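Structure first, then comments.
These numbers were taken from a predicted model, which means no experiment stands behind them.
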Amino acid sequence: MIPEKPSYSTSKRHLLYSSVLAWTVILLCAIGALLGRSEAVAFGTIAVPSMVALIAAMLGIHRISGSMDFRASNLPRDQPGGES
C-alpha cells in the first residue's frame with residue numbers, strides 16, 4: 001500500500017494571502033504618498049520595509065521547507081535517513 005503524498009494547499013493559500021495583503025499595503029502606501037498624504041509617508045517608512053521583509057521571508061521559508069519536503073519524499077523507503 002503506497003502512502004498518499006502530503007497536500008500543501010493550506011500552506012500555498014496562506015502564502016498567497018500573505019503576499020497579496022503585503023503587496024496591498026505597499027501599494028496603498030505608495031498611492032497615498034503620491035497623493036501627498038503625510039500620514040501615508042510616515043506609515044510607509046515602517047510598513048514598506050516590514051512588508052518587503054515579510055514577502056522575502058515567506059518566499060525563503062517556502063523554498064527551504066519545500067526543498068526539504070521534496071528530498072524527504074524521494075528517499076528510498078527501505079533506507080531511512082538517505083544512507084546508501
Side-chain angles (χ1 to χ4, degrees):
M1 186 168 153
I2 299 173
E4 186 177 324
K5 289 193 174 191
S7 172
Y8 297 105
S9 62
T10 304
S11 298
K12 289 179 185 177
R13 198 173 320 125
H14 177 72
L15 283 169
L16 175 67
Y17 292 159
S18 296
S19 182
V20 167
L21 290 173
W23 279 111
T24 302
V25 170
I26 291 171
L27 290 174
L28 288 174
C29 286
I31 291 168
L34 289 173
L35 295 175
R37 302 287 304 214
S38 61
E39 297 89 357
V41 174
F43 181 68
T45 59
I46 295 172
V48 172
S50 299
M51 295 299 110
V52 170
L54 174 71
I55 293 167
M58 294 297 286
L59 289 174
I61 290 169
H62 175 69
R63 295 284 299 176
I64 291 170
S65 62
S67 66
M68 285 190 273
D69 288 343
F70 181 76
R71 185 173 39 239
S73 70
N74 289 325
L75 285 177
R77 299 278 181 213
D78 60 341
Q79 297 174 353
E83 297 171 5
S84 299

Rounded distance [0.5 Å steps], CG in L27 versus CE in M51: 12.5 Å
What heavy-atom pair brings C29 and G44 nearest, and what distance separates the two atoms? SG-CA, 4.0 Å
Closest heavy-atom pair, L54 versus A22, reported as atoms and distance to 0.1 Å, is CD2-CB, 4.1 Å
Pick from I55, L28, V52: which one makes a side chain to side chain contact (heavy atoms under 4.5 Å, CB included) with W23? I55
d(L21 CG, I26 CD1) to nearest 0.5 Å is 11.5 Å
If you take all heavy atoms of A33 and A40, which pair is closest and at what distance? N-CB, 3.8 Å
I need the full list of salt bridge (charged side-chain N to carboxylate O under 4.0 Å, His left out) pairs touching residues 32-47, with sequence neighbours left out, sorted by first then second residue. R37-E39
Under the 3.5 angstrom rule, does the side chain of S19 hit a backbone N or O of L15 as a donor-acceptor pair? no
Is any side-chain heavy atom of F43 less than 4.5 Å from a side-chain heavy atom of V48? no
